[in-house]
Participant: 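I'd like to ask you about the structure that follows.
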Amino acid sequence: MTVVTGDARTAGPARPVDRWILRMRDAAARPEPMLRLVCAPYAGGGAAVYHGWAERLPAVIEPWAVRMPGRDARLHEPPRTDLVATARELADALAPALTEPYAFFGHSLGAFLAFETVRALRERGVREPVLLAVSARNPPQQRTYQGAVHLLPDDEYIEVLDRRYGAIPPMLREDAQMRALYLPILRADTTMLERYPYAPGRPLGCPVLAYGGIEDAETSAATLGAWADVTSAGCTTALLPGGHFFLGPSRDRLLAHLADELLRALVP
């Protein structure tokens, strides 16, 4: 797979969107897409979370992976800790580029980032997406994730996250250099989640599709269904095999279902 950070068909200096977005298809090879799918990563994740999606989605859907500050090509930037401010930054970059139909997908922390970015884009006069797909995260009005885990000492912090999500790699425990590099990013994202100041507002006008893992103790069909409260266009839910990070083992099933829903959303 070839990934590019800009559009090879467009000459000139880099645009703000190119700092935030990694296009997952070669510009010279892809057809003109019918839909852009903006994908926001989970806490600690980068654009690589969505590696392989371009090959598994129909050619008319172009996935754009969000590149968060503090990782990937933006490793020199400090990671953000304010979710709403980050969503506004992302919206500022995306607004001029979203001239065609688009959708959002966000997993875990990325679900809240996607939701707030859609709200920020609406404030900037950008039409809403055809679909907001959220994954492994209860809706923001439930205030499920407030706390102070981000303030714990390193060893205790890692233990809490491992018990909760079961996804801490052994190298983070054993490699001091890796811990020094990765923990500040993960802790910043945890801060973003726990300090997220959700404010009720006008419901979205786009439908919401909420995914969850069958074995994820933090979500259920009922809690995911409460995303309906933030939209006037309805919410559907889908549960897939796996825990909080079902995104990996159930990737093919997820993308097949998501592609069908995106194509259906394009044709009212």
Side-chain angles (χ1 to χ4, degrees), residues 1-5 18-24 38-56 63-83 85-87 89-90 105-114 135-137 144-196 213 215-219 242-251 254:
M1 180 188 73
T2 301
V3 293
V4 293
T5 57
D18 297 323
R19 186 163 64 98
W20 280 93
I21 293 297
L22 181 66
R23 292 168 174 79
M24 306 302 287
V38 184
C39 303
Y42 49 74
V49 168
Y50 298 105
H51 177 78
W53 278 40
E55 292 84 356
R56 289 167 173 82
W64 286 7
V66 175
R67 301 198 293 189
M68 295 289 286
R71 65 214 79 178
D72 300 323
R74 305 181 67 183
L75 193 61
H76 62 287
E77 299 180 42
R80 305 294 195 266
T81 57
D82 186 321
L83 189 144
T86 304
E89 283 189 71
L90 177 56
F105 178 90
H107 187 81
S108 197
L109 173 66
F112 286 167
L113 181 63
S135 176
R137 189 58 73 199
T144 312
Y145 307 101
Q146 292 180 317
V149 171
H150 65 279
L151 297 176
L152 294 173
D154 285 354
D155 287 340
E156 190 175 350
Y157 173 70
I158 290 172
E159 288 298 329
V160 169
L161 292 188
D162 202 25
R163 286 198 305 269
R164 184 176 292 178
Y165 303 117
I168 298 296
M171 68 178 66
L172 197 59
R173 300 175 184 275
E174 301 161 2
D175 188 325
Q177 190 172 12
M178 179 62 70
R179 182 183 291 210
L181 176 66
Y182 187 67
L183 264 191
I185 297 170
L186 189 57
R187 193 182 290 276
D189 284 357
T190 308
T191 304
M192 190 181 292
L193 175 64
E194 293 189 321
R195 291 184 175 175
Y196 169 33
E215 289 90 40
D216 188 353
E218 292 204 340
T219 60
H244 189 76
F245 289 102
F246 68 89
L247 194 63
S250 289
R251 180 175 65 175
L254 167 66

Participant: State which residue, out of Glu89, Arg74, His76, fulfils the side chain to side chain contact (heavy atoms under 4.5 Å, CB included) condition with Pro69.
Facilitator: Arg74
Participant: Any heavy-atom pair between the side chains of His150 and Asp189 that's under 4.5 Å?
Facilitator: no
Participant: Donor-acceptor pair, Glu77 side chain versus Gly70 backbone, under 3.5 Å?
Facilitator: no
Participant: To the nearest 0.5 Å, what is the distance between OH (Tyr196) and CG (Leu113)?
Facilitator: 9.5 Å
Participant: How long is the straight-line distance from CD of Glu55 back to CE of Met24, given to the nearest 0.5 Å?
Facilitator: 7.5 Å
Participant: Looking only at heavy atoms, what is the nearest atom pair of Leu22 and Ala47, with distance?
Facilitator: CD2-CB, 3.8 Å
Participant: Are side-chain heavy atoms of Leu109 and Met192 found at a separation under 4.5 Å?
Facilitator: yes
Participant: Of the non-hydrogen atoms in Tyr182 and Gly44, which two are nearest, and what is the gap between them?
Facilitator: OH-O, 3.1 Å
Participant: Going from CD1 on Ile158 to CG on Leu152, what distance comes out if it is rounded to the nearest 0.5 angstrom?
Facilitator: 11.0 Å
Participant: So do the side chains of Arg71 and Pro79 get within less than 4.5 Å of each other, counting heavy atoms only?
Facilitator: yes
Participant: List the atom of Asp216, the atom of Ala136, and the distance in Å for their closest heavy-atom pair.
Facilitator: OD2-CB, 4.2 Å
Participant: Out of curiosity, Phe105 CZ to Leu254 CG, how far, rounded to the nearest 0.5 Å?
Facilitator: 5.0 Å
Participant: How would you list, by chain and number, every residue that makes a side-chain contact (heavy atoms from CB on, under 4.5 Å) with Ser108, sequence neighbours excluded?
Facilitator: Tyr42, Arg137, His244
Participant: Any sub-3.5 Å donor-acceptor pair from Arg195's side-chain atoms to Leu193's backbone N or O?
Facilitator: no
Participant: Would you say Asp72's side chain and Arg67's backbone share a donor-acceptor pair under 3.5 angstrom?
Facilitator: no
Participant: So which heavy atom on Asp175 is nearest to which on Gln177, and how close?
Facilitator: OD1-N, 2.9 Å
Participant: Please work out which of the three classes, parallel, tilted or perpendicular, describes the rings of Phe246 and His107, given edges at 30° and 60°.
Facilitator: perpendicular
Participant: Under 4.5 Å between any side-chain heavy atoms of Tyr157 and Arg187, yes or no?
Facilitator: yes
Participant: Look up atom CD1 in Ile185 and atom CZ in Arg80, then write down how far apart they are to the nearest 0.5 Å.
Facilitator: 12.5 Å
Participant: Minimum heavy-atom separation for Thr86 and Asp82, please, with both atom names.
Facilitator: OG1-O, 2.7 Å
Participant: Within the distance-only criterion (no hydrogens, no angle test), does the side chain of Tyr50 pair as donor or acceptor with the backbone N or O of Val38 below 3.5 angstrom?
Facilitator: no
Participant: Any idea which heavy atoms bring Pro41 and Gly46 closest together, and the distance?
Facilitator: CB-O, 3.8 Å
Participant: If you measure from OG1 on Thr191 to CG on Leu83, what distance do you get to the nearest 0.5 Å?
Facilitator: 11.5 Å
Participant: Before accepting this row, confirm whether a basic side-chain N of the pair Asp155/Arg179 lies closer than 4.0 Å to the acidic partner's carboxylate O.
Facilitator: yes
